[in-house]
Amino acid sequence: MTAKRGFQLISWGILFFIDFSPFGFDVLPDIVGFLLIYRGAFLLSDTSIHFATVKKWMPILLVLSIYDLISPLLATALEPSVLAWSSLISSIITTAFSIWLVWLLCKGLSAWAEKKGEDQIVTQARKRAIAFTIMMVIMLLMLGVALISPYWFTMLVIPVLIAYITVTLMLLYLFNRASSKA
């Protein structure tokens, strides 16, 4: 029952990776997702060392997500160039830690699935981790595209966002599926 609940919490937490901010208000704040994932990893920490490692690294992501929440408030107090650079650096660091987080979660899921004889979940966990990493690198490259060619950014942003949401939902589904097998 604990594993089932842990995978459910991680699944819900992954949903918050999707940034949906109509009118600048983040409907799915990262901090909520990271807290759900932290709790899920806590419940699963006995099943794999990878989930225990997630607990150790999560405070960094929580601090970065707090910065993400308050950065709109800082916009009025900081020079635009300082705000732009700090947001860019924060995005790069958050992306790197998000990739690390997903790798740890997928490694933990893979270890759990191996013990249960769920070979399909083992394979899918590896593939989803790779797909998420590739997608996050593409998202970072889009920042460069936006600076170099706003035209190409405009042409590519919708397909890239659709691909990102698809990969994130596939990852969510994988953990949801694991919860049904737990």
Side-chain angles (χ1 to χ4, degrees), residues 1-21 25-72 87 89-137 139-140 164-182:
M1 189 60 148
T2 302
K4 180 180 184 73
R5 184 69 180 139
F7 288 129
Q8 287 173 340
L9 288 168
I10 290 171
S11 182
W12 279 108
I14 290 169
L15 176 65
F16 286 81
F17 282 1
I18 299 171
D19 288 325
F20 180 62
S21 303
F25 176 73
D26 194 355
V27 176
L28 301 170
D30 294 346
I31 193 166
V32 174
F34 291 144
L35 288 169
L36 289 168
I37 290 170
Y38 177 82
R39 180 69 179 140
F42 178 81
L43 293 173
L44 292 163
S45 60
D46 293 341
T47 65
S48 169
I49 188 70
H50 302 292
F51 290 122
T53 305
V54 166
K55 289 185 342 185
K56 294 177 189 171
W57 287 97
M58 194 55 74
I60 295 169
L61 283 165
L62 290 171
V63 168
L64 289 169
S65 63
I66 290 170
Y67 173 78
D68 191 37
L69 278 176
I70 64 168
S71 63
S87 294
I89 292 167
S90 174
S91 291
I92 291 169
I93 293 170
T94 301
T95 299
F97 275 106
S98 294
I99 291 170
W100 177 245
L101 172 68
V102 168
W103 272 97
L104 288 172
L105 292 172
C106 286
K107 296 278 271 176
L109 174 58
S110 186
W112 174 85
E114 262 184 64
K115 291 176 192 171
K116 297 284 187 183
E118 295 286 345
D119 295 334
Q120 191 177 23
I121 290 179
V122 171
T123 303
Q124 286 182 341
R126 291 180 184 142
K127 288 180 179 179
R128 298 293 195 276
I130 291 168
F132 185 81
T133 301
I134 291 168
M135 202 64 247
M136 293 304 284
V137 169
M139 296 287 279
L140 274 179
Y164 172 71
I165 290 169
T166 302
V167 168
T168 302
L169 291 176
M170 289 169 51
L171 193 60
L172 181 151
Y173 173 74
L174 178 64
F175 281 90
N176 195 36
R177 197 164 139 228
S179 76
S180 70
K181 303 250 182 203

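All residue numbers in this chain count up from 1 along the given sequence. For the numbers below, each heavy atom of this structure counts, side chains included, while hydrogens, waters and symmetry mates do not.
- Residue pairs meeting the salt bridge (Lys or Arg N to Asp or Glu O under 4.0 Å) criterion with at least one partner in residues 29-52, sequence neighbours excluded, do not occur; the list is empty.
- Residue pairs meeting the salt bridge (Lys or Arg N to Asp or Glu O under 4.0 Å) criterion with at least one partner in residues 166-182, sequence neighbours excluded, are E118-K181.
- For the atom pair CD1 of I37 and CZ of F51, the computed distance is 11.0 Å after rounding to the nearest 0.5 Å.
- In F42, the CZ atom is not crowded: 12 or fewer heavy atoms of neighbouring residues, nucleotides or ligands sit closer than 6.0 Å.
- Remark: V32 engages F16, P29, L36 in a side-chain contact (heavy atoms from CB on, under 4.5 Å) (not counting sequence neighbours).
- Rounding to the nearest 0.5 Å places CD1 of I92 at 6.0 Å from CG of L140.
- Across M136 and Y164, no two heavy atoms sit closer than the pair SD-CE1, 3.6 Å.
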Just distance, no hydrogens or angles: give the donor-acceptor pairs under 3.5 Å from side chains in residues 95-112, sequence neighbours left out.
unit_1, atom_1, unit_2, atom_2, d
T95, OG1, S91, O, 2.7
S98, OG, T94, O, 2.8
W103, NE1, T133, OG1, 2.6

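- Of all the heavy atoms in V122 and A113, the pair that sits closest is CG2-CB, 3.6 Å.
- Partners of Y173 by side chain to side chain donor-acceptor pair (under 3.5 Å), not counting sequence neighbours: none found.
- Summarising the geometry of A41 relative to V54, their closest heavy-atom pair is CB-CG1, 3.6 Å, with the distance given to 0.1 Å.
- Rounded to the nearest 0.5 Å, atoms OG (S65) and CD1 (I60) are 12.0 Å apart.
- The OG1 atom of T53 sits 5.0 Å away from the CD1 atom of I49 when rounded to the nearest 0.5 Å.
- Counting only residues at least two apart or in different chains, salt bridge (Lys or Arg N to Asp or Glu O under 4.0 Å) contacts with residues 49-66 are absent.
- L169 places a side-chain heavy atom less than 4.5 Å from the side chain of I18.
- In this view, F132 and F17 satisfy the ring pair (Phe, Tyr, Trp, His ring centres under 6.0 Å) rule, not counting sequence neighbours.
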Task: CA sep, side-chain torsions, deciding dist, call: T166, M170, side chain to side chain contact (heavy atoms under 4.5 Å, CB included) - done: CA-CA 6 Å; T166 302; M170 289 169 51; 3.9 Å; yes

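- Here the CH2 atom belonging to W57 is positioned 14.0 Å from the CZ atom belonging to F34, to the nearest 0.5 angstrom.
- Within the structure, the salt bridge (Lys or Arg N to Asp or Glu O under 4.0 Å) test picks out the following pairs touching residues 123-137 (sequence neighbours left out): E114-R126.
- How far CD1 of I89 is from CG of L64: 12.0 Å, rounded to the nearest 0.5 Å.
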